[in-house]
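Accompanying notes for the structure given below.
Owing to the predicted nature of the structure, the values given are computational and were not obtained by experimental measurement.
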Amino acid sequence: MVNDNALKLLNHIGNELKLLWSQMDMYQELFCAEKDKRRVLLQATAPGFFVIIQLTLVESILMRVIRLMDPATTNNNNDNCSLQGLKKALPQDMGGLRNSIDSLFNQYKDDPFKTLKAVRNKALGHNDLTKRDALAPNQLWINFTDEDYKNVQQLAGAL
């Protein structure tokens, strides 16, 4: 039987995933449309608005995905609402879900995802000065490449 802590974590993670999927659907609807449809949409609206929305969605999706991949506890031994936290709280007889979490983390160890984690930690989570200094003086945000977003989509899809 699943304990209360595991149920609570599963509920919180489920809510994170619901919002993540809604954001990804919105992003794809707005920015992955066919060029002609996208052109009409963008010409009919304020392009500056869509740049901000695109940046906001990408940053939020990345933060949400990577946050779910955090360790079970922080350095202070506080529990994290993460997949590793869920795995820790699950009973041993829930081997299928535990194995799925392990499989996802094995995939997460690959280089493209390490890069995303560094972006989250250095630029989005902590506004690291060295990362900031690497940008042009008047640049307001970090640039995500198409490859970065494909990696975020791949990891989110695996969730």
Using modelled atom types only, decide if a donor and an acceptor are shared between the side chain of [X] and the backbone of [Y] within a distance under 3.5 Å.
{"X": "Asn76", "Y": "Asn78", "answer": "no"}
{"X": "Asn151", "Y": "Glu147", "answer": "yes"}
{"X": "Asn99", "Y": "Gly95", "answer": "yes"}
{"X": "Ser60", "Y": "Thr56", "answer": "no"}
{"X": "Ser22", "Y": "Lys18", "answer": "yes"}

Which atom names give the shortest non-hydrogen contact between [X] and [Y], and what distance separates them?
{"X": "Ile13", "Y": "Ser82", "value": "CD1-O, 3.3 Å"}
{"X": "Asn121", "Y": "His126", "value": "O-CD2, 3.0 Å"}
{"X": "Ala89", "Y": "Asn5", "value": "CB-ND2, 3.8 Å"}
{"X": "Tyr27", "Y": "Gln54", "value": "OH-NE2, 3.0 Å"}
{"X": "Gly125", "Y": "Met63", "value": "CA-CE, 4.1 Å"}

- request: Flag yes if more than 12 heavy atoms outside Asp146 fall under 6.0 Å of its CG atom; otherwise flag no.
  value: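 12 or below, so no.
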
message: Within a 6.0 Å radius of atom CG on Asn106, are there more than 12 heavy atoms belonging to other residues, nucleotides or ligands?
response: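 Count over threshold, so yes.
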
Would you call [X] and [Y] a side-chain contact if the rule is heavy atoms closer than 4.5 Å?
{"X": "Met69", "Y": "Leu83", "result": "yes"}
{"X": "Leu17", "Y": "Leu68", "result": "yes"}
{"X": "Lys87", "Y": "Asp102", "result": "yes"}
{"X": "Asn80", "Y": "Thr73", "result": "no"}
{"X": "Tyr108", "Y": "Ile66", "result": "yes"}
{"X": "Glu16", "Y": "Val65", "result": "no"}
{"X": "His12", "Y": "Cys81", "result": "yes"}
{"X": "Lys88", "Y": "Asp79", "result": "yes"}

Spacing of [X] atom [atom1] and [Y] atom [atom2] [to the nearest 0.5 Å]:
{"X": "Leu155", "Y": "Leu104", "atom1": "CG", "atom2": "CG", "value": "6.0 Å"}
{"X": "Cys32", "Y": "Tyr149", "atom1": "SG", "atom2": "OH", "value": "6.5 Å"}
{"X": "Leu124", "Y": "Glu59", "atom1": "CG", "atom2": "CD", "value": "5.0 Å"}
{"X": "Leu62", "Y": "Asp148", "atom1": "CG", "atom2": "CG", "value": "8.5 Å"}
{"X": "Leu90", "Y": "Leu97", "atom1": "CG", "atom2": "CG", "value": "5.0 Å"}
{"X": "Trp21", "Y": "Leu159", "atom1": "CH2", "atom2": "CG", "value": "8.5 Å"}

- prompt: Hey, mind stepping through Lys114 and Lys117 against side-chain contact (heavy atoms from CB on, under 4.5 Å) and telling me if it holds?
  reply: CA-CA 5 Å; Lys114 286 180 184 177; Lys117 185 176 179 182; 5.6 Å; no

statement: By side-chain hydrogen bond (donor to acceptor under 3.5 Å, both in side chains), Gln154 pairs with (sequence neighbours left out) none

query: Is the closest basic N to carboxylate O distance between Arg98 and Asp93 below 4.0 Å?
result: no

